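Read the structure below first, then the notes.
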Amino acid sequence: MHIHEYQAKGLFRQFNINTPSAILVNSTHEAKQACADLGGNIWVVKAQVHAGGRGKGGGVILCRSVAAVEEACNKLFGSHLITPQTDAKGLPINQLLIEGGQNIERELYLGLLVDRQSQKITILASTEGGMDIEQVASETPDKIIKFGVDPLGELTTNDCMSIAKKLNLQDTLAEQFVTTLMGLYEIFTTKDVSLIEINPLITTAENSLLALDGKIDFDDNALYRHEDILELRDISQEDEKENEASEYQLNYISLDGTIGCMVNGAGLAMATMDLIEHHGGSPANFLDVGGGTTAERVAKAFELIQTEKNVAGILVNIFGGIVRCDLIAQGILQAIEKVGLNLPIVVRLEGTNAAEGLKLLDESDVQIYTESDLTQAAIKIVELSK
Ligand code: ADP
Ligand code: MG
């Protein structure tokens, strides 16, 4: 689960990490009041959406007057923000953070994540904050400081101090860095976080170290034990289809292509998408209907795929291991009867009772192309959806 910048900063403050003073607003009127309450004469208006790269997308606006703040608010409220990290539709802006403009001296990067390979919590730090950290990592990997912490061990003040030194932070800034990193580590371990990031972590002309941005991703599987975190969920930022699908235990992700896919098993779904691409098509979605598929879930999957905006054809690819292909075929026919079918469809069935399943489909009144070979099925659906 993702949360907003202002929510991440709220957690930061609870764990003694300094942030600039800022006020969350729901209207332009509230924003004007916020400027008065914050004081000063430079404010930054920041769109609260579940995506980074907001600066690049025009969602972080520096303002040197209250009139400029008003103008920025009127522009952002109710619009969709498109950033390098969103899809073409962008995310709705319902709330803005009005933040005091800071005298930035340096922009650093500090993040923690789970490194599966080393089985450690990995601290990443860099003097090159403020920009795309993936780009820094790929172009100048020597600019990334890495430090692994055994999750059964502990992070010590000395560890934090040595990282502070590598970032060229001295005296009071180094001390503030230790508090910041200790706080991040505490949030990471007590709240079941999968990624926590401050980009940029700034030093100011006043010798303060501040978290200017905040990103936290939580492990969905552990949310049941963090009611306080669950309350931070903002459904307006999530994909409607993906939420609907998860209610039916379907693993669904919308994509930009034209061929809807219904597959059992995540690995087979990935392979199916690769084959479609290989033969000149592009998938409209990722969908893993899971192992014990029921007719109801197959019907829901059909509905989701058919309402995907660009979809021009459907490829069903089922490998019957535990599940019987004749039952799947029945499910498909029931689903079509229930939700209709207005697109070309190719069904590939293989495994337990595949022959019986294909026979059922071939004998039905519905126009279904059946295949037992996956490559042929992929070629066929690419051709039909052109
Ligand atoms: P994003 O990472 O989504 O683009 P950030 O919060 O990191 O959003 O803001 C982008 C950039 O805008 C920062 O790197 C910083 O240079 C500038 N910025 C953000 N907030 C402030 C602020 N309060 N004062 C001055 N500059 C800011
Ligand atoms: Mg940022």
Side-chain angles (χ1 to χ4, degrees), residues 2-13 17-25 31 34-66 68-69 72-73 75-76 79-87 90-113 124-137 143-144 167 176 180 184 193 195-217 234 237:
H2 308 298
I3 58 171
H4 288 294
E5 172 199 8
Y6 81 92
Q7 295 167 325
K9 285 174 165 173
L11 266 171
F12 288 172
R13 286 189 291 276
I17 299 168
N18 291 328
T19 62
S21 37
I23 296 173
L24 181 78
V25 300
C35 292
D37 293 345
L38 288 168
N41 49 20
I42 302 181
W43 301 275
V44 180
V45 177
K46 309 181 79 173
Q48 298 302 293
V49 294
H50 282 185
R54 295 166 303 161
K56 283 185 193 142
V60 176
I61 304 177
L62 186 86
C63 302
R64 294 180 186 280
S65 68
V66 177
V69 169
C73 290
K75 186 172 161 239
L76 294 177
S79 70
H80 278 70
L81 186 69
I82 301 163
T83 85
Q85 295 181 18
T86 68
D87 61 14
L91 289 168
I93 305 174
N94 303 316
Q95 292 173 307
L96 298 173
L97 189 66
I98 311 295
E99 192 163 75
Q102 303 300 308
N103 279 321
I104 302 175
E105 291 214 315
R106 298 178 63 201
E107 295 200 336
L108 311 171
Y109 172 92
L110 184 60
L112 273 73
L113 49 82
L124 296 175
S126 177
T127 52
E128 311 304 302
M131 43 182 131
D132 200 344
I133 200 68
E134 283 81 9
Q135 196 183 337
V136 178
K143 295 251 163 84
I144 306 268
L167 291 170
Q176 291 178 61
T180 301
L184 280 188
V193 167
L195 172 78
I196 192 163
E197 216 177 50
I198 304 178
N199 189 22
L201 174 69
I202 59 161
T203 65
T204 67
E206 298 80 21
N207 232 14
S208 294
L209 189 79
L210 298 175
L212 202 66
D213 193 5
K215 173 178 176 167
I216 310 180
D217 290 346
D234 180 356
Q237 300 293 312

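Counting starts at 1 for both ligands and their atoms, in listed order. Keep in mind that the numbers below use all heavy atoms, side chains included, and drop hydrogens, waters and symmetry copies. Note that the structure is predicted; figures quoted are calculated from it, not measured. Along the sequence shown, the residues carry numbers beginning at 1.
A side-chain donor-acceptor contact under 3.5 Å links T180 to the backbone of Q176. A donor-acceptor pair under 3.5 Å links the side-chain atoms of T203 to the main chain of R106, judged by distance alone. In this structure a side-chain-to-backbone donor-acceptor pair under 3.5 Å is missing from E105 to N103.
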List the atom pairs, donor and acceptor, that lie under 3.5 Å between side-chain atoms in residues 42-53 and the rest of the protein, sequence neighbours left out.
| residue | atom | partner | partner atom | Å |
| --- | --- | --- | --- | --- |
| W43 | NE1 | G39 | O | 3.1 |
| K46 | NZ | E5 | OE2 | 2.8 |
| K46 | NZ | E99 | OE1 | 3.4 |
| K46 | NZ | L212 | O | 3.0 |
| Q48 | OE1 | E5 | N | 3.4 |
| Q48 | OE1 | Y6 | N | 3.0 |
| Q48 | NE2 | E5 | OE1 | 2.9 |
| Q48 | NE2 | K46 | O | 3.1 |

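Exactly one residue among L210, L38, I202 makes a side chain to side chain contact (heavy atoms under 4.5 Å, CB included) with P20. That residue is L210. The side chain to side chain donor-acceptor pair (under 3.5 Å) test with D234 singles out one residue from Q95, H2, H4, Q7, and that residue is H4.
Protein residues are said to neighbour a ligand when one of their heavy atoms lies under 4.0 Å from it; for ligand 1 these are V44, K46, G52, G53, R54, G55, V60, E99, G100, G101, Q102, I104, E107, N199, P200, L212, D213.
Around the Mg ion (ligand 2), the protein N, O or S atoms closer than 2.8 Å are N199 O, D213 OD2, listed by chain and residue number.
The two residues K56 and P84 come nearest to each other via the heavy atoms CD-CG, 4.0 Å.
Between I133 and S126 the shortest side-chain heavy-atom distance falls below 4.5 Å.
The salt bridge (charged side-chain N to carboxylate O under 4.0 Å, His left out) contacts involving residues 202-213 comprise R54-D213, where partners must be two or more places apart or lie in separate chains.
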